[in-house]
Trainee: 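Once you've had a glance at the structure underneath, I'll fire off some questions.
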Amino acid sequence: MSAALLDTAEPRRTRGGASSAVRYNRPRRRAEQTVWLPNSLYRGADFPDEAAAVYIKVAALDARRSWPAARRGEDPCTASVTELAAALGMSPSAVERGLTPLNRPCPDGSEPWLRTKQRTHRGGNGRSALRYARLVPRDQPAIEVPVRVAEALSPRRLRAWLHLARATAKGLPVTAAELAGELFHHTGKSAGEPLSEKTGRRLLDDLEAAGWLTLGRRAGQHARHAVTVNTSPLHSVPAVTEPEPVVDDGALFPVSDLLGPPATDNHDGVGPDDHDGSLATREDSSLTTDGRAGNLSIRRRRDSGSYRVTPVENVAGDTFRAAPSDEKRSNSQAGTYRGPELQLSPRVWQVLEPVRPELPSISPYLLRRIGQEIGRQLSAGVGMERLTTRLLTRYSRLTAGGPATEAARRGEVGRWILGAGLPRHGCRLDSCESGITWATGERCALCANIAAAAQDLAAAAAEEARAQQPVVAEPPPDPPGAVRPPVTWLPWPPPDPGPEPPSPDEREQLRAAATPAAVRKALADLGAPAAIRLYGRALVLPHLTTDQHDEGTPA
């Protein structure tokens, strides 16, 4: 949803400034409710006749949410297509014919006038959609219309009444031909062509007969009809003649007490103003406009046979549709999913791009729950890039650990995405993302303050715990010992270096003249290392015994 549509669709809590850029619809009682209707919805051939009536009713039901003083969490229009049709006196197909262009971008490229949000019950059964009405900007021409006019008149008569109301407000004289030129055919071979003058005269006569119009025939300028538009149906009141009294001596009470008040002529659906009821965001489906009782049964709805639940309304195209299952459920198929078919928007698929390989293993029910959670966060203002980055980061951490990955691949990926991958971690600030400010990439100041406060509390708790511990008396110090005399260190004599080793030339001469007796004598007197240094390994090793070794002395 773009920022322009959010500015006009969401309620404002402040006075002045940005709130004065749109025309607000004040929530009132149903008999006094009015709605601002843009001229583009009833002028020209861009929108069908049903679009004006449908927008008026949806905007009236959405007034409590879009009003600046509305409470947070107020529901928008939750009436289904059937309830809207019953309130407007139209068929469901006519209401859908009016909703379709209202949910699409306008011909001039601006945002659509209505925004529909699909929803389902937790069990997957269909549920009425949420409809948000875009308010009319102040710089755009519009007219304030009572809601009871849209409920009483047919779509074509309502459009004629709107043209006459605009002409009356601007002081423009209107003829039947000029009125017919402002109305167009929308279906058939004559689609896009204006109506005939004869149809314009018939519309004027019908509106006058219903009391929504007062015609002063030939009383206007240049002998035109003087048109007066009424916001309530006006009719001439006939003179009341008192009935002759009926005398019945045997009656216990007058016969006139048995006669009720005369029935009110509703004149084509226009009922008397009883001044009761109030604007509601949810309509009572048990009562209809014609007085008949609706579905008053308390019997639970079934998923098969004549009680099969109808699928939820869906404006978007098929993106992910499950296989059709028209066969009746048997005892062996009691655990299979029987809800409406799954459809997710392209925004949801873009957010789920990091976990796309895991999606085939997720059930349609969990996918629908995941799509609803993503749609809720996107509607709350969380960007797709932020959601995608959050899911990618946590999924990479999940796949880095072996046990967690194996547990997730055993059918737990859907619940992991819903319970751990999508929720935001951090403080109460919406800009905080796991302790980091998303817009700047710096550490969140509030999270830092919370961590510092937690450290201070932990230090204070540790200090208090130490203070509450019993104090153990320290043992008395030992008495000082006797003073020892100072130690005098005598110099150590240097070691005896022994005889000087022979030079290399003398060693060579000694080895050349060596005899076995001389080598054995050197081994006995000097030891194996000294003998090896004098005569070498080759001469000494044959004379070594088992208790002698060379200790690694090189030759």
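Each residue takes its place number in the sequence, starting with 1.
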Trainee: Would you sort out whether S66 and E74 count as a side chain to side chain donor-acceptor pair (under 3.5 Å), showing the intermediate values?
Mentor: CA-CA 9 Å; S66 59; E74 192 72 33; over 6 Å; no
Trainee: Could E353 and R356 be called an ion pair, given the rule that one side-chain N must be under 4.0 Å from one carboxylate O?
Mentor: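 Looking at R356 together with E353, the answer is yes, because their closest N to O distance falls below 4.0 Å.
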Trainee: Check the surroundings of atom CD in Q140: do more than 12 heavy atoms from other residues, nucleotides or ligands lie under 6.0 Å from it?
Mentor: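 Counting other residues, nucleotides and ligands, CD of Q140 exceeds 12 neighbours.
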Trainee: With side chain to side chain donor-acceptor pair (under 3.5 Å) as the test, would you mind laying out the steps for T34 and E144 before giving the verdict?
Mentor: CA-CA 6 Å; T34 59; E144 193 172 8; 2.8 Å; yes
Trainee: Distance-only, no hydrogens or angles: does the S361 side chain make a donor-acceptor pair with backbone N or O of E358 under 3.5 Å?
Mentor: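 Side chain of S361 to backbone of E358, a donor-acceptor pair under 3.5 Å: yes, one is there.
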Trainee: Report the C-alpha separation of L158 and D49 in whole Å, then their side-chain angles, then the decisive distance to 0.1 Å, and conclude whether the side chain to side chain contact (heavy atoms under 4.5 Å, CB included) test is met.
Mentor: CA-CA 8 Å; L158 173 63; D49 297 338; over 6 Å; no
Trainee: For R156 and H186, what are the C-alpha separation, side-chain angles and deciding distance, and is it a side chain to side chain donor-acceptor pair (under 3.5 Å)?
Mentor: CA-CA 11 Å; R156 178 162 290 182; H186 295 279; over 6 Å; no
Trainee: Do we get R115 above Y132's six-membered ring, with its NZ or CZ under 6.0 Å from the centre and within 45° of the axis?
Mentor: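 Yes - R115 lies over the ring of Y132, closer than 6.0 Å to its centre and within 45° of its axis.
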Trainee: Taking atom types as modelled and ignoring hydrogens, do the side chains of N230 and S232 form a donor-acceptor contact shorter than 3.5 angstrom?
Mentor: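 No pair is found: no donor N or O on one side chain lies under 3.5 Å from an acceptor on the other.
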Trainee: In this structure, which one of L204, L195, V227 forms a side chain to side chain contact (heavy atoms under 4.5 Å, CB included) with L179?
Mentor: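 Passing option: L204.
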Trainee: Donor-acceptor pair, E32 side chain versus R29 backbone, under 3.5 Å?
Mentor: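 Between the backbone of R29 and the side chain of E32 there is no qualifying donor-acceptor contact (under 3.5 Å).
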Trainee: Check L84, V95, D62, V35 against K57 for a side chain to side chain contact (heavy atoms under 4.5 Å, CB included) and give me the one that passes.
Mentor: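 Option passing the side chain to side chain contact (heavy atoms under 4.5 Å, CB included) with K57: L84.
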Trainee: In terms of side-chain heavy atoms, does E83 have a donor or acceptor partner in S128 at a distance below 3.5 Å?
Mentor: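 Their side chains do not contain a donor-acceptor pair, so the 3.5 Å distance test is not met.
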Trainee: Please say whether more than 12 non-hydrogen atoms of neighbouring residues, nucleotides or ligands are located less than 6.0 Å from CZ in R394.
Mentor: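 Check passes, neighbour count above 12.
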